[in-house]
Visitor: 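Questions regarding the structure given below will be posed in turn.
Below, read A as the first sequence line, B as the second, and so on, with proteins coming before strands; counting in each chain starts at 1.
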Amino acid sequence: MTVKTRIPPSPTGRFHIGTARTALFNYLFARQNGGKVVFRSEDTDRARSKKEFEDEIIEGLHWLGIDWDEFSRQSERGARYREALETAIAGGHAYVSREPAKDDPSREVEVVRLKNPGREVVFEDLVRGPINTHTGDLADFVIARSLDDALYHFAVVVDDFDAGITHVIRGEDHISNTARQILIQEAIGAPRPAYAHLPLILDAKRAKLSKRNGTAVSVGDYRDEGILPEGLVNYLALLGWNPGDEREYFALPELVEAFSLEGVQKSGAAWDREKLLSVNQHWMRALSDEDFVRRGGLSAPDEARLAQAVPLLKERARTFGEARQMLEGELSCLFAAPTPARETLLAKEPKEGPGLAKTALESLQKAINGLPEGVSPEAAKEAVMPLADAEEAKQKGGRGAVLWPLRYALSGQERSPDPFTLISILGPKESEIRIKNALAILAG
RNA sequence: GGCCCCAUCGUCUAACGGCUAGGACAGCGCCCUUUCACGGCGUAAAUCGGGGUUCGAUUCCCCGUGGGGUCACCA
């Protein structure tokens, strides 16, 4: 029997990360077992379902690298549900009931209810073992608003039956729904698939993940802030699952290889943004410099300089949003000459050695002057460090007395890459101009 | 509240009766660097409580406590 799983989002909201993780696990399980995946849009709630949400979910799934073999939409299967409903009624397992409408008791409607045998239902959960439920308190629950308007539980069971779903992998919040779906299966003569219920994703306060209290919950938000799909998939996989060894970084094909339901956790997992960022940074660093710029949507006034900035961004940014910010902020000095402030230039000047910044910059200017274009940071360091280590500097303020004004003259930023890297990227010519400029400011 | 599920460092987790309870992220410290970041090294930090079973329990059983889910003519 070939494995067949399903990805059944309801297009009543944006693409939620919980939906993404459930989809991922269904995808991984199916692919690992050489099985198939069905995408099913659960849009039976006409009032709340929207095409734009469905589009966003599909697009987001593709962005994550998750694909499927079959596609269906519940809103297009009304005739089939009606047929199944009629079969259940004919078999004496369901009946039409005339009763006051729930929202408006003055109106009378005909709903379809399942004739509930009220038995104890036991099913084997692949993650948790046997689970039993008393179905008596469910009473004769409603399975359709009318013959032409099947409700979620009924539609799901018919769909899984028709599609030949073998494994239902879904969130823990469905555990108590399982018994009623099994009752429906029995009413329409459908086989029972295997079930696996995943732990829920909780927020930092261990409550159900929601937009309130600050956590971003839609995949699109993470995409927008510059999280890589590789990073999100990797992190999502680790939430509630582990490979059984100490590996942490997995690309999607590696996950397909390593995944198993035995490694799925039973208890809820708290969303940890810091860990997500850390995992994402790993995948950002794994990109080639060209891909880093392209996939990060990075731009800067000078493309050559941007290329040189990539290694710096790789060590600093954990998202592409951060990278973009850095190009505007602490790395902006790579693209435009700064205007250093006089008092900051003098910040590390010892009291007993006034004028040190000036003399240091003057001798640095000469030292840099002799360097070739394209000088490496190491070579720049070799040229500059002797000055910083010079006896006078050591006594009056140490290397900082020389290196601080240099770095600040070049960057105009209190935080920036080290001066050697800056000289290497800017080149000796531009470095010299910036030093001259700083000297002018000191003099002025 | 009824029913159901769950319980190891702050967080994600490993140890499927038996070494000093391991790793990662975050934290802290030191080194590198007189900026920031990276990196290196190190450190602190957990088996919810009480009973059993056993030579021995993180691990098995029971009770308690705590957390979560679910009880729609939503999905």
Visitor: List in chain and number order the residues that pass ring pair (Phe, Tyr, Trp, His ring centres under 6.0 Å) with F250(A), two or more places apart in sequence or in another chain; answer none if no residue qualifies.
Guide: W241(A)
Visitor: Does a side chain donor of either D418(A) or T421(A) reach within less than 3.5 Å of an acceptor in the other side chain?
Guide: yes
Visitor: With hydrogens left out and only the distance checked, is there a donor-acceptor pair under 3.5 Å joining R316(A)'s side chain and the base of rC36(B)?
Guide: yes
Visitor: Within the 4.5 Å heavy-atom criterion, are R73(A) and R40(A) side-chain neighbours or not?
Guide: no
Visitor: Treat primed atoms plus P, OP1 and OP2 as sugar-phosphate and everything else as base, then score nucleotides 70-75 of chain B 5' to 3': B for base contact with protein heavy atoms under 4.0 Å, S for sugar-phosphate contact only, - for none.
Guide: S--BBB
Visitor: Enumerate all atom pairs, one protein N or O and one N or O from nucleotides 39-50 of chain B, separated by less than 3.5 Å.
Guide:
unit_1, atom_1, unit_2, atom_2, d
rG39(B), OP1, R285(A), NH1, 3.3

Visitor: Between R80(A) and E83(A), is there a side-chain N and carboxylate O pair less than 4.0 Å apart?
Guide: yes
Visitor: So, R6(A) and S72(A): side-chain donor and acceptor under 3.5 Å apart, yes or no?
Guide: no
Visitor: Starting at the 5' end of RNA chain B and moving along, which residue's nearest nucleotide shows up first, R128(A) or R407(A)?
Guide: R128(A)
Visitor: In terms of ring plane angle, is the pair F39(A) and F71(A) parallel, tilted or perpendicular, where the classes change at 30° and 60°?
Guide: parallel
Visitor: Quick one: which of rC3(B), rC5(B), rU35(B) gets closest to the side chain of I175(A)?
Guide: rC5(B)
Visitor: Rounded to the Å, how far apart are E274(A) CD and rA24(B) C1'?
Guide: 14 Å
Visitor: How long is the line joining CZ of R399(A) and P of rU35(B), in whole Å?
Guide: 11 Å
Visitor: Can you tabulate the close N/O pairs, meaning under 3.5 Å, that link protein atoms to atoms of nucleotides 8-13 of chain B?
Guide:
unit_1, atom_1, unit_2, atom_2, d
rC12(B), OP1, R206(A), NH2, 2.6
rC12(B), OP1, A270(A), N, 2.8
rC12(B), O2', L238(A), O, 2.9
rU13(B), OP1, G240(A), N, 2.6
rU13(B), O3', N242(A), ND2, 2.8
rU13(B), O3', Q265(A), OE1, 3.4

Visitor: Heavy-atom contacts under 4.0 Å between residues 410-419 of chain A and RNA chain B, which residues?
Guide: E414(A), R415(A), S416(A), P417(A), D418(A)
Visitor: Do R318(A) and E274(A) meet the salt-bridge criterion of a basic N to acidic O distance under 4.0 Å?
Guide: yes
Visitor: Going by the salt bridge (charged side-chain N to carboxylate O under 4.0 Å, His left out) test, which pairs reach into residues 117-127 of chain A, not counting sequence neighbours?
Guide: R119(A)-E186(A)
